[in-house]
Amino acid sequence: MSIPSAVKSTPIASRQQLADYLAAGEKPRDAWRIGTEHEKFGFRNDDLRPPTFEGERGIRVLLETLASRYGWDVAREGETPVALSRDKASITLEPAGQLELSGAPLESIHETCREVNTHLDEVRSVADELGLGFLGMGFQPKWHRGEMPWMPKGRYKIMREYMPKVGSLGLDMMTRTCTVQVNLDFSSEADMIKKFRASLALQPIATALFADSPFTDGRPNGYLSYRSHVWTDTDADRTGMLDFVFENGFGYERYVDYILDVPMYFSYQDGRYIDLSGQDFKRFMAGKLDAVPGTHATMRDWADHLTTAFPEVRLKQYLEMRGADGGPWGRLCALPALWVGLLYDDDALDAAWDLVKDFSREERHALRDGVPKEALKLKFRNHSVRELAQETLKIAVHGLKRRHRLNAHGADESTFLEPLIEIADANQTPAERKLELFHGAWGGSVDPVFKQFAY
């Protein structure tokens, strides 16, 4: 949700304002929407290297051509194009040029899939002319961190300098990871709490089903979702499973307290990013930061600050599901289908919560810590994550069937879960399939992945 200009400049006078901002996201059921985001790696077809921003085959040319050809509006930092927008959707750049579609809020997965298809067709039409391709995976399979380009965005410069101070893999998170996520609505604080708890406990199941990042620097890395592992050593102040969400008394105000304790990155003022990395947002609210003396945080600053925490599920004026590796077209539609099936039907949400409500803190963390390496084969209680995934998928299928949103051929949204059901039934993640190819037909090279799995 964009913030009205008058609200952006409003100084923050109380903690209650911050909680009220989250509560303003509440919507009646008939206004609930689905916002799907996905990132993808660009590569040059001839040498497989990621494209730089400038140059005849660079990201700038790609953005400007997409804008002129398909009616996207261009957002700039100074004279530099950094994002596109059209009909409540946007195309943005991740730090190393990973291209992200942030989809419009839509009513059904059918619409989401059409949106993704249109986007990929548009990108491909321009990329083909530039000799570029795009790949959906969770982690850059071939190129070293030092070989990744950096995009000219002010916030990324600040984060690039701060990340090595708080973790060893933050720069990898920025430059070498891609995800698919979905943003979903809630009707009340109680509805938000129930959805937050169920989805946070089940997030490792999504990580396991979508695990697709088994390579680093051209070799197997020992993980199935290395992207998920990267988050465990990025910045402990702003990542993780948020144990407090499961405590009595959790609600908007408790989440505000968490975000207020997250160190800052920046403040965007007069068209530029001011480096406030590591600073205390509460002191900013009080006008006590030496870097911006006498300047008090506004609601624009609060909205920006909310985007600088990266837990497995994130609350803004909606809930973001953040546990999945990027992947091919079919799984870009499967991720929103999974979470809509679980969270947008009351019976399904009840069943999902019943599945996880007795998980202990230790069990939730064991799932989070174990699935990056073992995914579906991770042991859990007397079974494995595979059985938990199969039960989760059954709940989601029934939830989507009860929603009864049909396409022109009379099919409901549960058809989009078929790739995940196949993965769970085969007990083999996308990562494991790629490892088989690497050790077999690919002859110990990751290069074929750029051809066989490109969009």
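The first residue in the sequence is number 1, and the count goes up from there.
- By the 4.0 Å N-to-carboxylate-O rule, Lys194 lies too far from Asp191 to be salt-bridged with it.
- In summary, Arg57 and Asp46 engage in a salt bridge, as defined by a charged side-chain N under 4.0 Å from a carboxylate O.
- When side chains are defined from C-beta on, Val340 does not count as touching Phe416, because their heavy atoms never get closer than 4.5 Å.
- A salt bridge does not link Asp345 with Arg403: every distance from a Lys NZ or Arg NE/NH1/NH2 to an Asp or Glu carboxylate oxygen is 4.0 Å or more.
- For residues 129-144, every residue pair satisfying the salt bridge (charged side-chain N to carboxylate O under 4.0 Å, His left out) rule, not counting sequence neighbours, is listed here: Arg69-Glu129, Lys142-Asp447.
- Residues in residues 371-380 take part in these salt bridge (charged side-chain N to carboxylate O under 4.0 Å, His left out) pairs, two or more places apart or across chains: Lys377-Glu432.
- A salt bridge links Arg433 and Glu422; the closest N-O separation between the charged side-chain nitrogens and carboxylate oxygens is under 4.0 Å.
- Taking the charged nitrogens against the carboxylate oxygens, Asp412 and Arg402 have no contact shorter than 4.0 Å, which rules out a salt bridge.
- Arg124 has no carboxylate O lying under 4.0 Å from a charged side-chain N of Asp128, or vice versa, which leaves the two without a salt bridge.
- A pairwise comparison of heavy atoms in Ala352 and Leu342 identifies CB-CD2, 4.3 Å as the closest pair.
- In summary, Lys195 and Asp185 do not engage in a salt bridge, as defined by a charged side-chain N under 4.0 Å from a carboxylate O.
- Looking at Arg145 and Asp217, no side-chain N of the basic residue comes within less than 4.0 Å of a carboxylate O on the acidic one, giving no salt bridge.
- Salt-bridge annotation for Lys401 and Glu413: absent, with no side-chain N of the basic residue lying under 4.0 Å from a carboxylate O of the acidic one.
- At least one side-chain heavy atom of Phe215 sits under 4.5 Å from a side-chain heavy atom of Phe438.
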